[in-house]
Every structure is written in C-alpha cells, then in structure tokens.
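What you see is a predicted model; the values in this text were computed from it and never measured.
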2 protein chains.
Amino acid sequence: MGQALASFSFGVQEESLQTFRLVQQFVDAANRASTLQQVELLLEQISLEMGFDYYALIHHVDHRARNKASSVRLENYPKPWVEKFLEKKMYSWDPIHVASYATNLAFAWSDVPDMITLTKRQQDVLRSALDEGIGDGITVPANLPGEANGSCSFALRRGKTLRREYIGAIQLIGSFAFQSARNLALEAARSTATTGRVDLSPRQLDCVLLAGRGKSDWEIATILGIKEDTVTQHLDSARERYGVAKRVQLILRAVHAGQIALTDLL
Amino acid sequence: MGQALASFSFGVQEESLQTFRLVQQFVDAANRASTLQQVELLLEQISLEMGFDYYALIHHVDHRARNKASSVRLENYPKPWVEKFLEKKMYSWDPIHVASYATNLAFAWSDVPDMITLTKRQQDVLRSALDEGIGDGITVPANLPGEANGSCSFALRRGKTLRREYIGAIQLIGSFAFQSARNLALEAARSTATTGRVDLSPRQLDCVLLAGRGKSDWEIATILGIKEDTVTQHLDSARERYGVAKRVQLILRAVHAGQIALTDLL
DNA sequence: CTGACTATCCCCCTTTAGGGGGAATGGCGC
DNA sequence: GCGCCATTCCCCCTAAAGGGGGATAGTCAG
C-alpha cells in the first residue's frame, strides 16, 4: 500500500488570486446557508464554475434504511449509478470511500490505487462507474469520531481530463461545505428530540470508563479496590440516570454526553 | 450547546495573496520533508511567521505508555504544562481535543464553549493552561477512522489577542502538516507493526447496529428474521475481527471506525 | 435536623453474553 | 475446481449482566 501523494495548488500563478476569491465567496455563502437546499445549490454552482459535472456530499451510510435526519446526501450522480450504489451497499467498501479513510487531504480518484490496495471487487466498481459515465474526480474526506464517515466529491464525465490545479481550493470548499451541511442536518435532527443533560457521579464515571474498556463488574471492582456489588450498584444507578437498560447504551450515552472520550475506551 | 461558527479568511484583501504564497511554500516544503524533525522545523518557522508562540502537532494518546512509533507529538509548549497534561491524562478529555472531535474545520479556542458543553473539570483545564502562560489559539482537527485522533494547534502567550484572519490558511497548513508528519511516522512504524483497517460484513453491521441500540441477540434475531444463534455467530465473528472480547468494545470499535454512527445508536 | 445524594456492602433470582464445538449453503477470486 | 468467506443453523456450558430487595455511613444544603 502506497501513501497519498499530498499535492497542493490554487491554480497557476495568474489565476491563484481569482481562485482564492472563489473559495472565499463559497465559504461565506456556505456559512450563511440556512437549509440543505441552499448548500446543494452552492455545490451545484461551484462545481460548474470549476468545470466539474458531478458533486456528491454524502455520509457513507445506507440512506434508504436509516433515519435520514442526521445523515446527509446531496449529489447529482446519474440515477442508475446511485441505484446500483445503494443496492450493492457500496457505501461501506467503495474504493473512493475507503481511500478517504486514509487521509485528511483532498485526493484525485486517479491516485486512489497509490493510496490503498484495490481488491478486484473495488476495481470493478471503478469500471462500473466509468460505464455509467463518471470519470475522474476529487474527494475531500470528512471524518468525525463518533459520527458516520463522509466525504465531499467533485467529478467529471468520462473522457474529460482532471485539472489538479484546484485541489487546494477544493480541499477548503469541500471541508466547509460538509461542515455546513452537517450542521444543518444536525440542527434539524436536534429539534425533534430534546435530550436533557445528565451528569454522572465521579465514582459512576470510574465504573463507566472501565466498563467501556470491556471490563466486567468483577474486574472493575478489583481495579478500584471495592466490592463487585458496589460496582454493580454504581452502574445500575448510572443506567437509571440515562434511563437505559443495557450496558452498551450506558457507555454510548456517556460518550455522547462527553462524560468520557471515545478514544479513552479503545 | 451551540454550533461551531465556521469562519474563514486568508487575511485582509491586500495581504491575501501573500498569505496564500506562505501556505503554498509551507505545503511544498512539508511534502518534501523526509523526517519528523524537518516537519517540526517547518512548524516552528510557520508559527513564528504567523505570529504564534506555540505549536502542537499531536496524536491524542498517552505518549508515555503507547508504542511511540505510530503516534506523533511535535510541540513546544511550556514543559510544566506538558508534564501536567500527561500526568492527568488530559489528552482524552481536554476541551480543545473534545472540540476537535466535533468539526473538521479549524477553530479558535475562544469559540470552544460555543462548540461543546464544558464540564467543570474542562473549565479548570482552560484556567490551568492560562496559569502556565498559554492564551488563545487555533486548532485544526486531524481525525482518521481507525487511527488515534489528532490535531495541529497554534497558540499565543497569555494576554495576546488572536488574529482570526489566517484561520483559512491555518486550516490548510495544519491539515498538510499533520498528514506529512503522520505519513513519516507511519513509514517508520510500518516495519514493526501493521494496523490494518478492519471492515465488517453487511450482516455483521446489521447486528452490530442493533446491538448498539441495546437489543439482545434474541431481539436482533426477531427484527432481522433469523435465528438467535445466527445473530450470536455474526456478533462473535465481528468481535473476532476487531480482536475484542466484549460487546461494548465491539460497538465502540465499530463507531470509532465509522462503520456506524453514534447518533444512529441513541 | 432533615432530606437528598453519594458510596459502600449484602442477599435473592432470571436472562443474556461469551466461549467451545459443529455443519450446510452459495458467491467470488485465483 | 478449490479455497475462502458470508450467511444460516444447531448443540453444549459457564460467566456476566440485569432486576429485585435490603443496610450503613458520610456529605452537603436548606
């Protein structure tokens, strides 16, 4: 497996200032957007201005099955391709998506073979996309711990040659676009469900932290130097506070509430 | 809890081209760097050029305990602060770090209270940093699924006022710097240990998702319309893939790897 | 002082998870 | 075709989690 060849540019010298202004305008507009439709319109405009045919700002999840409130999908790919994509559940192993888990930087699709080792199935995906008229493109990763992975891509129709000059600009545009869309989706999701903030006691936190690391009640008791029943009691009352019945839910609620960090449990 | 106020700028109009060239130069140099020492030197130079006193390009892990090969720590914070930071294991719940899990964009430290709800302990951290002479700063998140979270920060001495004009430039500089450092560290670590990305099968994902919502094996079986033993089997093999023994750890690994979203489980 | 909360410990019980074995089917890659 | 993997199902057993019921002692605010 090779490494992502970090490349960067804002366009040739005489164009760079102009490109920069394009980015500035996009970011300002994205920050002002109050609906996902507005963000999508901005994506459409900017992709045209930069000479792209397709855009895709998506969370890598099953958009048919999940609660759509918290996951975003803004794209203008050919419908048959989208159908096939969802049908085969490609979102979890599509080579472009997998490559986006290997870097924080924007990358050209034609560089993907240098970034990850492609399985035959993944090579088929690239060919399959080509058949649907999708050529080369650029993808900006958008991964947040504890959230579904996502990305913002811009692509060309088959046969067109990718201009890499704007990859620096696209890095910024993609990042800001995704954040804007994500915030709007989260806002919409938040309005439905209100979650009151609950804090755990220090000792409860100790137990929850260790439970989150996969320790059993007995192990936690041994580590903390108290009886197993006491640990059980702490975890019982912690679950009661969050109003959940299972250990798994307790840990996830504590992580979501910021009481413990996901990285502290791994 | 408010939302991150995405802001962007390359500096005032007459300075923007100059700032852009600074970014371009940094990125070019970062791409050419062949050792972590070179990257650190670049960080030192660029932080000076942009008027910062401190830089910190770090993975959010225990740098004393873990295998240092794959985790990066380049920083010039005051030694007492670093000592205290590691001593109290702040890397896992430091408010700046936690805030960096909520966005992909560079953010000012003074905006953190608008991004996440600070616990009392986290407020103490900010005061404690101030006591050590560390004032405001800007952090660029660097989170990759399946890897330790990280970030690249630039900070000022206490009392100085943060100039937000360069936050767009810093977004790029931080991202490229981190990727460069990460690649170099990985290259060095690749010889010893290989940490491959692990994917779950579609059916395993179905089971893990429901298990993460607190369902029992029997309930999952009923929902999916298969036998309980099959569900157990899927969860067994899923746990085996991640090399973990407990259900809780399985869910957390899947969440951290971006296979399922935390918000889909609550 | 009293009531609320915390932390500690003890008992009972049922359900669930985890650790061992197996086996049959179908798809895909080499 | 052969091997690997995903998916489905079956058996065994022990360990752990969850749902009840208690008790004692300390802190802290009203």
Side-chain angles (χ1 to χ4, degrees), chain A residues 87-90 92-95 117-128 197-254 259, chain B residues 120 196-254 259:
Chain A
E87 182 62 36
K88 300 203 171 180
K89 301 196 174 202
M90 287 188 201
S92 63
W93 51 270
D94 172 84
T117 312
L118 292 175
T119 66
K120 198 158 206 171
R121 198 167 60 157
Q122 288 176 325
Q123 290 170 346
D124 287 343
V125 175
L126 296 180
R127 270 192 294 275
S128 184
R197 185 176 172 78
V198 182
D199 280 329
L200 298 178
S201 79
R203 210 51 168 168
Q204 285 170 354
L205 259 186
D206 290 339
C207 294
V208 169
L209 180 72
L210 289 166
R213 288 181 182 157
K215 308 294 183 212
S216 68
D217 290 6
W218 180 87
E219 289 174 309
I220 298 170
T222 307
I223 293 168
L224 296 180
I226 56 178
K227 293 289 173 183
E228 185 179 345
D229 279 310
T230 310
V231 172
T232 306
Q233 176 55 39
H234 285 313
L235 290 174
D236 278 351
S237 41
R239 279 186 291 112
E240 196 184 357
R241 285 207 183 174
Y242 284 130
V244 297
K246 297 301 178 72
R247 177 175 289 233
V248 166
Q249 293 261 279
L250 167 62
I251 309 300
L252 292 172
R253 289 293 295 270
Q259 298 270 299
Chain B
K120 204 164 202 168
R197 200 189 127 73
V198 182
D199 279 327
L200 297 179
S201 78
R203 209 50 168 169
Q204 285 170 354
L205 261 185
D206 291 339
C207 294
V208 169
L209 179 73
L210 290 166
R213 289 180 182 157
K215 307 294 183 209
S216 70
D217 291 6
W218 181 87
E219 289 173 309
I220 297 170
T222 307
I223 293 168
L224 296 179
I226 57 180
K227 293 289 172 181
E228 185 180 345
D229 280 309
T230 308
V231 172
T232 306
Q233 175 56 36
H234 285 312
L235 291 174
D236 278 350
S237 40
R239 279 187 291 113
E240 194 185 6
R241 287 208 181 174
Y242 283 129
V244 298
K246 297 301 179 70
R247 178 177 289 232
V248 166
Q249 291 267 283
L250 167 62
I251 309 299
L252 292 172
R253 290 291 295 271
Q259 299 270 303

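- Within 6.0 Å of CD in A/Glu228 there are more than 12 heavy atoms belonging to other residues, nucleotides or ligands.
- For the pair B/Leu200/B/Arg241, a side-chain contact is recorded, criterion being any heavy-atom separation below 4.5 Å from C-beta on.
- A/Leu235 places its CG atom 14 Å from the C1' atom of C/dT8, with the value rounded to the nearest Å.
- Contact annotation for B/Thr230: base contact, defined as any heavy-atom pair under 4.0 Å involving a base atom.
- Of all heavy-atom pairs between A/Asp206 and A/Leu224, the closest is CB-CD1, 4.1 Å.
- Nearest-nucleotide positions on DNA chain C place A/Asp229 closer to the 5' end than the other of B/Lys215 and A/Asp229.
- Rounded to an integer number of Å, the gap from CD of A/Gln233 to C1' of D/dA17 is 14 Å.
- A donor-acceptor pair under 3.5 Å is formed between the side chain of B/Glu219 and the backbone N or O of B/Ser216.
- With rounding to whole Å, B/Asp236 atom CG is found 8 Å from C/dG18 atom P.
- Across all strands shown, B/Asp217 has heavy atoms under 4.0 Å from sugar-phosphate atoms exclusively, and none from any base.
- At whole-Å resolution of the value, NE2 in A/His234 and C1' in C/dA7 are 5 Å apart.
- The separation between A/Glu228 atom CD and D/dA16 atom P is 8 Å, rounded to whole Å.
- Residue B/Lys227 places its side chain closer to D/dC10 than to any other of D/dC5, D/dT8, D/dC10.
- Atom P of nucleotide C/dT16 and atom CZ of B/Arg247 are separated by 10 Å, given to the nearest angstrom.
- When side chains are defined from C-beta on, B/Thr222 does not count as touching B/Lys215, because their heavy atoms never get closer than 4.5 Å.
- A straight line from CG of A/Leu200 to P of C/dT6 spans 10 Å, rounded to a whole angstrom.
- Nucleic acid contact class of A/Ser201 (heavy atoms, under 4.0 Å, all strands): sugar-phosphate only.
- Taking only side-chain atoms of A/Ala245, from C-beta outward, the nucleotide of D/dG19, C/dT8, C/dT16 with the closest atom is D/dG19.
- Atom pair B/Arg239:CZ and D/dA16:P shows a separation of 13 Å (rounding to whole Å applied).
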